[in-house]
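In what follows, chains carry the letters A, B, and so on, assigned in the order in which the sequence lines appear, proteins first and then strands, with residues in each chain numbered from 1. Here the structure is a predicted model, which means the values were calculated and not measured.
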Amino acid sequence: MKLLNNFNNKYQRLPRSFFLNQNVVEVSRQLLGKYLVTQIDGQYSAGKIIETEAYQADGDKACHAYNNRRTKRTEVMFAQGGTAYVYLCYGIHHLFNVVTGPKEAAQAVLIRAITPTDNIPLMLERRNFTVLKPQLTAGPGVMTKALGINTAYTGMDLCQSDSKIWIEDRGIILQPDEITASPRVGIDYAEECVSWPWRFRLL
DNA sequence: CACGGGATCGTCT
DNA sequence: GACGATCCCGTGT
């Protein structure tokens with residue numbers, strides 16, 4: 001337990017101010033190279049964020065909370081930045097987002113992929129993999145499975161010092177040419193928003 | 001390797 | 001009652 005606590009303090013958890021930024025596209029880009037960490041059932045696992053997508057209620061038809069649509073599911077998107085928004089997709093996959101911006105500004109970043117770094121054996125077990133392959137954590141649904149995240153964690157505050165999920169800065173500085181922007185995936189229905197380059201990847 | 005379809009269920013119409 | 005901010009496996013080249 002002492003070791004776990006030391007690990008916990010080794011790096012700086014992203015503070016509330018990071019997530020309160022009004023510009024969700026900017027936060028989406030800034031989250032590349034940060035580390036998504038879970039401590040679920042007392043076991044750590046983590047990876048470096050390499051793919052994100054931005055969504056916002058204001059003018060973005062691909063966003064669940066488009067036009068400030070409030071439902072039981074989307075309500076959490078109106079919480080203050082730093083809150084987890086996890087929902088079920090296609091009846092099978094649990095997708096993890098971080099809410100951004102101030103309270104009542106519904107915006108979120110979908111974390112789509114990580115490079116696994118900490119406790120890879122546990123992640124392999126959760127995915128029923130025997131050997132490490134890139135597909136272990138490449139994709140929003142499989143990434144959450146590897147990290148042990150599910151919809152039960154929606155609404156969790158990632159900035160609280162004892163939360164089971166958080167994002168931390170391990171001091172990586174990225175050059176602009178290490179990041180690519182492209183259209184978001186799987187939102188063909190979103191008309192004029194389809195081609196917006198709100199998907200970011202770390203090369 | 002590209003493509004096609006089935007899985008599976010909460011959410012909103 | 002239809003449809004996803006997806007994944008995986010099967011088929012065919």
Proximal nucleotide (of dT11(B), dC8(C), dA5(C)) relative to the Tyr189(A) side chain: dA5(C)

Validation row, ring centre His64(A) to ring centre Tyr87(A) under 6.0 Å: yes

Phosphate OP1/OP2 of dA5(C) contacted by His64(A) side-chain N/O (<4.0 Å): yes

CA sep, side-chain torsions, deciding dist, call: Glu125(A), Arg127(A), salt bridge (Lys or Arg N to Asp or Glu O under 4.0 Å): CA-CA 5 Å; Glu125(A) 187 185 323; Arg127(A) 292 269 286 125; over 6 Å; no

Nucleotide of dA5(C), dC9(B), dT13(B) approaching Asn97(A) most closely (side-chain heavy atoms): dA5(C)

Euclidean distance for C1', dC3(C) against dG5(B) (whole angstrom): 16 Å

Sugar-phosphate, base or nothing in reach of Leu95(A), heavy atoms under 4.0 Å: sugar-phosphate

Ile165(A) vs Met156(A) side-chain heavy atoms within contact, under 4.5 Å: yes

Side-chain N or O of Arg112(A) closer than 4.0 Å to phosphate OP1/OP2 of dC7(C): no

Arg199(A) side chain near dA5(C) phosphate (N/O to OP1/OP2, under 4.0 Å): no

Distance below 4.0 Å between Arg69(A) side-chain N/O and dT13(B) OP1 or OP2: yes

Side-chain donor-acceptor contact under 3.5 Å, Ser163(A) with Arg13(A): yes

Assigned partner base of dA5(C), Watson-Crick or wobble definition, under 3.5 Å: none

Sugar-phosphate, base or nothing in reach of Ile187(A), heavy atoms under 4.0 Å: sugar-phosphate

Per Thr74(A) side chain, nearest of listed nucleotides dT6(C), dC12(B), dA5(C): dC12(B)

Short N-O contact, Glu192(A) and Lys61(A), less than 4.0 angstrom: yes

Whether Tyr55(A) stacks on the six-membered ring of dA5(C) base, 5.5 Å and 30° limits: yes

Closest nucleotide among dC8(C), dT6(C), dT11(B) to the Thr71(A) side chain: dT11(B)

Sugar-phosphate, base or nothing in reach of Arg184(A), heavy atoms under 4.0 Å: nothing

Watson-Crick or G-U wobble partner of dG10(C), both distances under 3.5 Å: dC3(B)

